[in-house]
2 protein chains.
Amino acid sequence: MSKHQKEMALLKEHLGKHQLKYTRQRELILDAFLKQEHITAEELYHQLSRKDPHLGLATIYRTLNLFCEAGLAQARHFGTQTQYDNVSHKGHHDHLICTECGKIVEFENCDIERLQEEVATRNGFIIKTHRLELYGLCSRCQH
Amino acid sequence: MSKHQKEMALLKEHLGKHQLKYTRQRELILDAFLKQEHITAEELYHQLSRKDPHLGLATIYRTLNLFCEAGLAQARHFGTQTQYDNVSHKGHHDHLICTECGKIVEFENCDIERLQEEVATRNGFIIKTHRLELYGLCSRCQH
DNA sequence: AAGTTAATTGAAATAGGTTATCAATTTCAA
DNA sequence: TTGAAATTGATAACCTATTTCAATTAACTT
């Protein structure tokens, strides 16, 4: 009895619609992925290589991209790497970043998100995800 | 007599503070960069290779990164490439990006910016710059 | 239950964008 | 003008992500 019934059902639905197969690897990767809020392919690869040393990195990438198409994950390019966000973890958060010391504070602001929706609607867009980063100096670095 | 006195002054100030030198290449790249609203290193390379065939791609990358440090440019990762935004282009603008066709709509929203300031203040930060990107589907790609 | 077909996998090669290396050149201060 | 230090161009190296391909596996058929 898996903990992720809903997500697994979603995945199976997507697989069925596209003549894709439900494999041991996809199940393994799904379980590991859903425990995270966001993760890179590389990190997931290392986590899983303990359980199954033969699982290839290419399979991780292929499967994470599959999750994106199935609506379970969302890719976000952050620096040089791609973060795969777990969509079922609804608390999306934004970042305050100190350019001096690198400190990162996460925050969430409903008012900002509402205004974002307004802007999108006004331009005919439907937002699937977003990124907001505020760069500046934290209290300790202001001198 | 360059058109970009202000930006050039900013660059020279940064160079002076960091024991860096003002070179012919940096001047060339600055002039070309400031004519754009945003551009990739590759694109800039091709534009400039007509004027100066010996200008190397590595120099473009180095210089664009320098501009980021000097506060003239801002890097934005889109897909596999990096867009360098011209900060001096009137009023900072944010982006609505279609994940399907790549269409980019620029917008500005004072209310969002005000809320950002509030969040920063609440966390003891002083914002120097920010980045807001909304990803989704444009009106034409919603089917 | 065995056979068939098409999707999937792992390993390695490849791709694409960006950065590091290094000898030669250029800037800038003395 | 000279000399130390930064910069450049060419290319190699790097890193992340995708493609290739033969072997394997899932799922449908009989």
Side-chain angles (χ1 to χ4, degrees), chain A residues 8 11-30 32-33 38-70 73-85, chain B residues 8 11-30 32-33 38-70 73-85 99 102:
Chain A
M8 192 169 291
L11 177 59
K12 285 188 175 173
E13 187 188 331
H14 179 85
L15 295 177
K17 279 185 186 167
H18 295 80
Q19 297 173 263
L20 305 176
K21 293 173 178 174
Y22 187 71
T23 65
R24 186 179 59 82
Q25 288 89 339
R26 284 174 179 167
E27 180 171 8
L28 262 174
I29 295 172
L30 181 64
F33 173 71
H38 48 73
I39 195 167
T40 65
E42 207 61 67
E43 286 165 0
L44 201 48
Y45 177 63
H46 285 123
Q47 279 190 21
L48 286 169
S49 64
R50 284 185 229 117
K51 288 191 179 178
D52 186 341
H54 295 297
L55 225 164
L57 182 56
T59 301
I60 306 278
Y61 275 107
R62 282 188 285 235
T63 305
L64 285 172
N65 287 335
L66 172 69
F67 291 172
C68 288
E69 283 155 23
Q74 261 171 13
R76 198 163 42 89
H77 301 279
F78 192 76
T80 60
Q81 283 196 303
T82 301
Q83 287 279 345
Y84 291 85
D85 293 354
Chain B
M8 193 170 290
L11 177 60
K12 285 188 175 173
E13 187 188 332
H14 178 85
L15 296 177
K17 279 186 186 164
H18 296 80
Q19 298 172 263
L20 305 175
K21 293 172 178 175
Y22 187 72
T23 65
R24 186 179 60 82
Q25 288 89 341
R26 285 174 178 168
E27 180 171 9
L28 262 175
I29 296 171
L30 180 64
F33 173 71
H38 47 74
I39 195 168
T40 65
E42 282 294 338
E43 285 166 0
L44 202 48
Y45 176 63
H46 286 124
Q47 278 189 22
L48 285 168
S49 62
R50 285 185 228 116
K51 288 191 179 178
D52 187 339
H54 297 297
L55 226 164
L57 182 55
T59 301
I60 306 278
Y61 276 107
R62 281 188 287 236
T63 306
L64 285 172
N65 288 335
L66 171 70
F67 291 172
C68 288
E69 284 156 23
Q74 206 176 318
R76 193 163 43 87
H77 301 278
F78 183 69
T80 59
Q81 283 197 303
T82 301
Q83 286 277 345
Y84 291 86
D85 292 355
T99 54

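All chains are named by letter (A, B, ...) in the order of the sequence lines, taking the proteins before the strands, and each is independently numbered beginning at 1. The figures that follow rest on heavy atoms only: side chains count, while hydrogens, waters and symmetry mates do not. Keep in mind the model is a prediction, meaning the values are calculated, not measured.
For A/Arg76, the salt bridge (charged side-chain N to carboxylate O under 4.0 Å, His left out) partners are A/Asp85, not counting sequence neighbours. A/Glu69 is linked by a salt bridge (charged side-chain N to carboxylate O under 4.0 Å, His left out) to nothing, counting only residues two or more places apart in sequence or in another chain.
Distance CG (A/Leu30) to P (C/dT8): 15 Å, rounded to an integer number of Å. One can place CD of B/Glu27 at 16 Å from P of C/dT26, the figure rounded to the nearest angstrom. A straight line from NE2 of B/His18 to P of D/dA6 spans 13 Å, rounded to a whole angstrom. When the C1' atom of C/dG17 is taken as reference, atom OH of B/Tyr84 falls 10 Å away, rounded to whole Å. Rounded to whole Å, atom P of D/dT24 lies 14 Å from atom CD of A/Gln25. One can place CG of A/Leu44 at 15 Å from C1' of D/dT16, the figure rounded to the nearest angstrom. Rounded to an integer number of Å, the gap from B/Leu20 CG to C/dC28 P is 11 Å. Look at CD on B/Glu69: it is 11 Å from P on D/dT7, rounded to the nearest Å.
Nearest to the side-chain atoms of B/Asn65 among the listed nucleotides D/dT20, C/dT27, C/dT19 stands C/dT19. You'll find that the side chain of B/Tyr22 is closest to C/dC28, out of C/dC28, C/dT9, D/dT7. Among the nucleotides D/dT16, D/dT8, C/dT9, the one closest to any side-chain atom of A/Gln81 is D/dT16.
Outside the 6.0 Å centre-distance limit, the rings of B/Phe33 and B/Tyr84 are not counted as a close aromatic pair.
An end-to-end axis angle of 30° holds for the helix from C/dA1-D/dT30 to C/dA30-D/dT1, taken from five base pairs per end and rounded to 10°.
Between B/Thr40 and C/dG17 there is no side-chain N or O to OP1 or OP2 distance below 4.0 Å.
Counting only residues at least two apart or in different chains, salt bridge (charged side-chain N to carboxylate O under 4.0 Å, His left out) contacts with residues 41-51 of chain B are absent.
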Protein-nucleotides 1-5 of chain D N/O pairs under 3.5 Å:
from	atom 1	to	atom 2	distance (Å)
D/dA5	N3	B/Lys21	NZ	2.8

TODO: May I have the step-by-step check of side-chain contact (heavy atoms from CB on, under 4.5 Å) for B/Arg26 and B/Leu66, ending in yes or no?
DONE: CA-CA 9 Å; B/Arg26 285 174 178 168; B/Leu66 171 70; 3.6 Å; yes
Task: Derivation and outcome, side-chain contact (heavy atoms from CB on, under 4.5 Å), residues B/Thr63 and B/Leu44 - done: CA-CA 11 Å; B/Thr63 306; B/Leu44 202 48; over 6 Å; no
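Within the 4.0 angstrom heavy-atom criterion, only backbone atoms of the sugar-phosphate kind lie near A/Arg26; the bases stay farther away. Using a 4.0 Å heavy-atom distance criterion, B/Thr82 is classed as a sugar-phosphate-only contact.
Smallest separation of non-hydrogen atoms from B/Tyr45 and B/Leu55: CE1-O, 3.1 Å. Between B/Ala75 and B/Cys68 the shortest heavy-atom distance is N-SG, 3.8 Å. Between B/Ala41 and B/Ile60, the closest heavy-atom pair is O-CG2, 3.7 Å.
Using a 4.5 Å cut-off on side-chain heavy atoms (C-beta onward), B/Glu27 and B/Met8 make contact. Contact check for B/Thr82 versus B/Leu64: no side-chain heavy atoms found under the 4.5 Å cut-off.
Below the 3.5 angstrom threshold, one finds no donor paired with an acceptor across the side chain of A/Arg24 and the base of D/dT24.
The line from CZ of A/Phe67 to CG of A/Leu30 is 4.5 Å long, rounded to the nearest 0.5 Å.
For the pair A/Thr80 and A/Arg62, both in contact range of DNA chain C, the more 5′-proximal nearest nucleotide belongs to A/Arg62. Both B/Ala41 and B/Thr23 lie close to DNA chain C; mapped to their nearest nucleotides by heavy-atom distance, the more 5′-ward contact belongs to B/Ala41.
Of all the residues in residues 46-61 of chain A, A/Ala58, A/Tyr61 reach under 4.0 Å from DNA chain D with at least one non-hydrogen atom.
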